Amino acid sequence: MTSQRTRERLIGRLVEQGISNPGVLDVMRSTPRHLFLDEAMAHRAYEDTALPIGYQQTLSQPYIVARMTELLLEHGPRARVLELGTGSGYQTAVLAQLVDQLWSVERIKPLLDRARQRLRQLRLRNVQLRHADGGLGWEEAGPFDGILSTAAPERIPEELLQQLAPGGCLVIPVGGASQHLQQVTRTSDGFETRIVEAVRFVPLRPGTVR
Ligand code: SAH
């Protein structure tokens with residue numbers, strides 16, 4: 001089957017699973033997930049499953065990419081967004097097509113370098129990448145209307161909450177052996193947290209790898 005047809009089938013499955021944001025579905029329909037995988041894995045790109053990208057990291061399952069993006073955009077468009085855990089760059093590519101400006105941080109240098117090449121190939125130019133510990137956020141670029149993390153801290157780092165603009169929204173998996181996806185919104189007098197669903201992500205680790 002061609003990748004366009006398998007991609008179409010994937011979108012059908014996402015709709016069945018409750019994804020309804022038309023922008024998210026359109027962007028996932030047109031973004032070639034296979035380009036974000038090594039050749040040996042590329043034939044599995046449109047299965048709704050997480051796949052290895054090396055360095056013991058994984059490209060998230062399409063359902064979870066869609067769900068997190070939808071949660072980030074739930075209360076309207078987001079102009080300035082920070083992503084933690086660039087990984088393969090697939091979630092980055094999806095986000096870049098839905099927000100004005102995107103900043104993305106990855107702690108493993110070789111993954112970041114490869115992601116940079118792929119994003120360039122797709123001509124996504126509204127993304128700035130940085131090799132750093134995302135748990136600290138990206139202070140000079142903040143505050144952000146949205147922050148999305150694809151790695152799980154045990155507890156939400158204070159820095160991320162501080163870099164959220166009023167009305168801004170943080171979508172993040174939190175926990176250790178048991179993790180839950182959280183949507184945290186900054187209100188006029190504090191933060192509102194919604195626990196969305198149980199998930200399984202790689203841990204948000206401190207420091208960087210060259
Ligand atoms: N969004 C990615 C998923 C990658 S898995 C994709 O679509 O491919 C999570 C990623 O978070 C890994 O690449 C891991 O190296 C990275 N990560 C873990 N802790 C981090 C940290 N403190 N700062 C930045 N990136 C981190």
Side-chain angles (χ1 to χ4, degrees), residues 1-8 10-11 23-66 68-69 72 78-138 140-142 144 146-152 171 201-210:
M1 242 190 298
T2 63
S3 88
Q4 190 55 53
R5 274 187 56 203
T6 47
R7 229 180 287 167
E8 229 19 273
L10 174 64
I11 300 305
V24 173
L25 292 167
D26 276 353
V27 164
M28 289 187 66
R29 184 179 286 115
S30 64
T31 304
R33 191 171 183 251
H34 62 272
L35 291 186
F36 294 85
L37 291 160
D38 292 337
E39 239 169 84
M41 276 297 148
H43 68 287
R44 301 188 56 192
Y46 302 101
E47 293 175 21
D48 192 17
T49 178
L51 293 167
I53 56 173
Y55 305 88
Q56 295 165 355
Q57 306 304 318
T58 53
L59 201 171
S60 309
Q61 180 194 3
Y63 166 73
I64 210 76
V65 171
M68 290 177 82
T69 309
L72 188 82
R78 305 277 153 188
R80 302 169 63 87
V81 171
L82 172 68
E83 178 194 38
L84 311 180
T86 318
S88 68
Y90 176 71
Q91 169 87 70
T92 318
V94 169
L95 280 174
Q97 297 171 78
L98 291 161
V99 307
D100 292 346
Q101 272 186 291
L102 181 63
W103 288 261
S104 183
V105 185
E106 169 58 55
R107 69 184 285 274
I108 301 177
K109 182 89 175 10
L111 286 179
L112 187 70
D113 291 343
R114 239 177 286 164
R116 181 174 278 119
Q117 280 177 7
R118 291 162 175 156
L119 295 167
R120 203 172 284 157
Q121 218 179 329
L122 295 178
R123 298 194 168 74
L124 296 170
R125 299 206 177 87
N126 58 339
V127 188
Q128 292 197 55
L129 301 175
R130 177 188 257 188
H131 179 225
D133 176 357
L136 306 172
W138 190 327
E140 312 86 272
F144 301 99
I147 302 179
L148 185 151
S149 179
T150 61
V171 178
F201 277 84
V202 299
L204 187 82
R205 289 189 195 285
T208 57
V209 178
R210 284 245 127 226

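The structure displayed is predicted, hence computed values, not measured ones.
- Between the side chains of Gln57 and Ser88, no donor-acceptor pair is found at a separation under 3.5 Å.
- Note that CD of Gln91 and CG of Leu72 are 8.5 Å apart. Values are rounded to the nearest 0.5 Å.
- A donor-acceptor pair is defined here as one N or O able to donate and one able to accept, closer than 3.5 Å; such a pair exists between the side chain of Asn126 and the backbone of Ala96.
- Nearest approach of Gly137 to Leu82, heavy atoms of both residues: CA-CD2, 3.9 Å.
- Salt bridge status for Arg130 with Glu140: present, with a side-chain N to carboxylate O gap under 4.0 Å.
- Side-chain contact between Gln121 and Arg123 is absent, with no heavy-atom pair separated by less than 4.5 Å.
- Under the 3.5 Å distance criterion, the side-chain polar atoms of Glu106 are matched with a main-chain donor or acceptor of Ile108.
- Nearest approach of Pro62 to Asp48, heavy atoms of both residues: CD-OD1, 3.2 Å.
- Listed here is the closest heavy atom pair of Gly87 and Ala115: O-CB, 3.7 Å.
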As a quick check of understanding, evaluate side-chain contact (heavy atoms from CB on, under 4.5 Å) for Leu111 and Ile53, giving each step before the final call.
CA-CA 8 Å; Leu111 286 179; Ile53 56 173; 4.2 Å; yes
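- Within the 4.5 Å cutoff, side-chain heavy atoms of Arg33 are placed close to those of Leu51.
- Checked for salt-bridge contact, Arg44 and Glu47 meet the test: a charged N lies under 4.0 Å from a carboxylate O.
- Considering only heavy atoms from C-beta on, Thr208 stays 4.5 Å or farther from Lys109 through its side chain.
- Here the shortest heavy-atom pairing between Val105 and Ala132 reads CG1-O, 3.2 Å.
- Considering all non-hydrogen atoms of both residues, Pro32 and Leu122 come closest at CG-CD2, 4.0 Å.
- Proximity of a side-chain donor or acceptor of Tyr90 to a complementary backbone N or O of Ser60 within less than 3.5 Å is not detected.
- Judged purely by atom type and a 3.5 angstrom limit, Thr150 uses its side chain to pair as donor or acceptor with the backbone of Gly85.
- For Glu83 and Thr92, the side-chain atoms include at least one donor-acceptor pair closer than 3.5 Å.
- Side chains of Arg5 and Tyr46 form no contact here, defined as non-hydrogen atoms less than 4.5 Å apart.
- Heavy-atom neighbours of Arg29 CZ from other residues, nucleotides or ligands within 6.0 Å: above the threshold of 12.
- Expressed to the nearest 0.5 Å, how far CG of Leu119 lies from CG of Leu129 amounts to 6.0 Å.
- Put simply, the side chain of Leu59 reaches to within 4.5 Å of the side chain of Phe36, judged on heavy atoms.
- Although no hydrogens or angles enter the test, the distance criterion places no donor-acceptor pair under 3.5 Å between the side chain of His131 and the main chain of Pro110.
- Contact check for Met28 versus Val94: side-chain heavy atoms found under the 4.5 Å cut-off.
- Side-chain contact check for Gln97 and Thr31: at least one donor-acceptor pair (N or O, by modelled atom type) lies under 3.5 Å.
- Between Thr58 and Ala50, the closest heavy-atom pair is CB-CB, 4.4 Å.
- The line from CG of Leu204 to CG of Asp133 is 6.5 Å long, rounded to the nearest 0.5 Å.
- Taking the salt bridge (Lys or Arg N to Asp or Glu O under 4.0 Å) definition, one finds that Arg80 meets it with nothing, sequence neighbours left out.
- No side-chain heavy atom of Val81 sits less than 4.5 Å from a side-chain heavy atom of Trp103.
- Under the 6.0 Å cut-off for aromatic ring centres, Trp138 and Phe144 do not qualify, their centroids lying 6.0 Å or more apart.
- Side-chain contact between Thr69 and Leu95 is present, with heavy atoms from C-beta onward closer than 4.5 Å.
- Taking the charged nitrogens against the carboxylate oxygens, Arg118 and Asp113 have no contact shorter than 4.0 Å, which rules out a salt bridge.
- Annotation: the span from Arg116 atom CZ to Leu112 atom CG amounts to 5.0 Å, rounded to 0.5 Å.
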Please report the C-alpha distance between Arg205 and Arg107 in whole Å, then the side-chain angles of each, then the deciding distance to 0.1 Å, and finally whether the side-chain contact (heavy atoms from CB on, under 4.5 Å) criterion is met.
CA-CA 8 Å; Arg205 289 189 195 285; Arg107 69 184 285 274; 3.7 Å; yes
Can Leu98 and Val24 be said to form a side-chain contact (heavy atoms from CB on, under 4.5 Å), step by step?
CA-CA 8 Å; Leu98 291 161; Val24 173; 4.2 Å; yes
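- Atom CG of residue Leu148 and atom CZ of residue Arg78 lie 11.5 Å apart, to the nearest 0.5 angstrom.
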